[in-house]
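Remarks on the structure that follows.
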Amino acid sequence: MRVGFVGLGAIGRPMAARLARAHDLTVWNRTRAVAEAFAAEHGAACAETPRQVAEASEVVLTCLPNSSQVLDVLEGPTGLAAGLAPGTLLVDSTSGEPAASREIARRLADQGVGFADAPVSGGTNGAEAGTLTVMVGAEPEVFARAEPVLRAFGSEVVHLGPVGAGHAMKAVNNALLALNILAFAEGATALVRAGVSAGRAVEVLNASSGRSFVSEHLVPARVLTGAYPNTFRLALLAKDAGIAVDLLESLGLPGPLFRIAAEECRRIQALVGDEADYMEPIRVAEQAAEVEIRG
């Protein structure tokens, strides 16, 4: 199949690499040198504009930092929308906004173009291994067309409902992730200050009811070792938590805990910078408590 990919960032690049193994791939990236290097490495074509990606493809995927950038690459005479022919499909794997997805779907429907929002979870390792969870919002017939393409990088491809459902699911997932990181930071620093071995504390936690993905997987590999790799930006986690807050507000729901998560992530982002990793709240808590969570 002729597939296009727009956005070769930290997670988009390995997703596109897996697509290149299975399909005739055309790529575009805002920094052209990145796209050229990718195309040379993976045997893909490199387009000069988003429109050229659309013109060369039956299915186009976008994977960008936010919905505003997706809307930007759609616009204008060189944008994606100008090159999408009737019968083609646009799949947005950005962690975006449900309302923006619905707006894009309405616009493209007038052109006879299908749309699905399909954000992913599993990080760069999952993208490289093809084991991402893909959360899809789309009409059933659009999902049926998109699923075989998404299987190139997703081991769990789940149809959640109409357009916007995928982005709603991803926002709630990441707001819960943020809450778990922040809560672990508070609890673990308190335990270490109280004289409890960090390694033993995590061991007991993971055999008890307070465990989470954060304590079971992220903390042993990243915190107890002191490695703290930079794999996903805290700024993006804060953005996603904010989308979850907006979702609850649009539904008339209060969401006090999601609001705390978004505000605290933004506060810490202001301290550590826009490029800091999403596990940085734990290191900030370590510094404030004058302890290290190691073991």
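Residues Glu139 and Pro162 approach most closely at OE2-CB, 4.4 Å, considering heavy atoms. Listed here is the closest heavy atom pair of Thr94 and His167: O-NE2, 2.6 Å. Minimum heavy-atom separation, Pro77 to Ala82: O-CB, 3.7 Å. Minimum heavy-atom separation, Leu182 to Pro281: CD2-CB, 3.9 Å. Nearest heavy atom pair, residue Thr225 against residue Pro220, reads CG2-O, 3.4 Å. Between Val136 and Val157, the shortest heavy-atom contact is CG2-CG1, 4.1 Å.
Heavy-atom neighbours of Glu186 CD from other residues, nucleotides or ligands within 6.0 Å: at or below the threshold of 12. More than 12 heavy atoms of other residues, nucleotides or ligands sit less than 6.0 Å from atom CD of Gln111. Around atom CD of Glu290, no more than 12 heavy atoms belonging to other residues, nucleotides or ligands sit under 6.0 Å away.
Electrostatic pairing of Glu203 and Arg200 counts as a salt bridge here, judged by a charged N lying under 4.0 Å from a carboxylate O. Salt-bridge check for Arg107 with Glu75: passed, with a basic side-chain N closer than 4.0 Å to an acidic carboxylate O.
How far CD of Glu41 is from CD of Glu36: 14.0 Å, rounded to the nearest 0.5 Å. Atom OG of Ser215 sits about 8.0 Å away from atom CG of Asn180, to the nearest 0.5 Å. With values rounded to the nearest 0.5 angstrom, Arg102 atom CZ is found 11.5 Å from Ile104 atom CD1.
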Could you give me the CA-CA distance, side-chain angles and deciding distance for Ile11 and Phe232, then say whether side-chain contact (heavy atoms from CB on, under 4.5 Å) is met? CA-CA 9 Å; Ile11 195 163; Phe232 177 62; over 6 Å; no
Please test Glu286 against Arg294 for salt bridge (Lys or Arg N to Asp or Glu O under 4.0 Å), starting from the C-alpha separation and ending with a verdict. CA-CA 10 Å; Glu286 287 180 329; Arg294 302 287 184 272; 2.8 Å; yes
Quick one, Val149 with Val91, criterion side-chain contact (heavy atoms from CB on, under 4.5 Å). Give me CA distance, side-chain angles, the key distance, then yes/no. CA-CA 10 Å; Val149 177; Val91 178; over 6 Å; no
Report the C-alpha separation of Phe5 and Met15 in whole Å, then their side-chain angles, then the decisive distance to 0.1 Å, and conclude whether the side-chain contact (heavy atoms from CB on, under 4.5 Å) test is met. CA-CA 9 Å; Phe5 201 94; Met15 289 166 63; 4.1 Å; yes
Take Met279 and Ile181, measure what side-chain contact (heavy atoms from CB on, under 4.5 Å) needs, and give me the verdict at the end. CA-CA 7 Å; Met279 295 293 283; Ile181 292 170; 3.9 Å; yes
Does the salt bridge (Lys or Arg N to Asp or Glu O under 4.0 Å) test come out yes or no for Arg106 and Glu103, once each step is laid out? CA-CA 5 Å; Arg106 285 192 295 268; Glu103 176 187 339; 5.8 Å; no
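Taking the side chain as every heavy atom from C-beta outward, Leu253 and Phe258 never approach each other to under 4.5 Å. For the pair Phe115/Asp92, a side-chain contact is recorded, criterion being any heavy-atom separation below 4.5 Å from C-beta on.
For the pair Arg30 (side chain) and Gly7 (backbone), a donor-acceptor distance under 3.5 Å is absent. Not one N or O on the side chain of Asp277 forms a donor-acceptor pair closer than 3.5 Å with the backbone of Glu280.
Note on ring orientation: taking the six-membered ring where Trp is involved, the planes of Phe143 and His159 are parallel (angle under 30°, cut-offs 30° and 60°).
Residues Val163 and Leu108 fall within the same hydrophobic cluster, defined by Ile, Leu, Val, Met, Phe, Trp and Tyr side chains chained together at heavy-atom separations under 4.5 Å. Hydrophobic clustering, with ILVMFWY side chains joined whenever heavy atoms are under 4.5 angstrom apart, keeps Leu89 apart from Val70.
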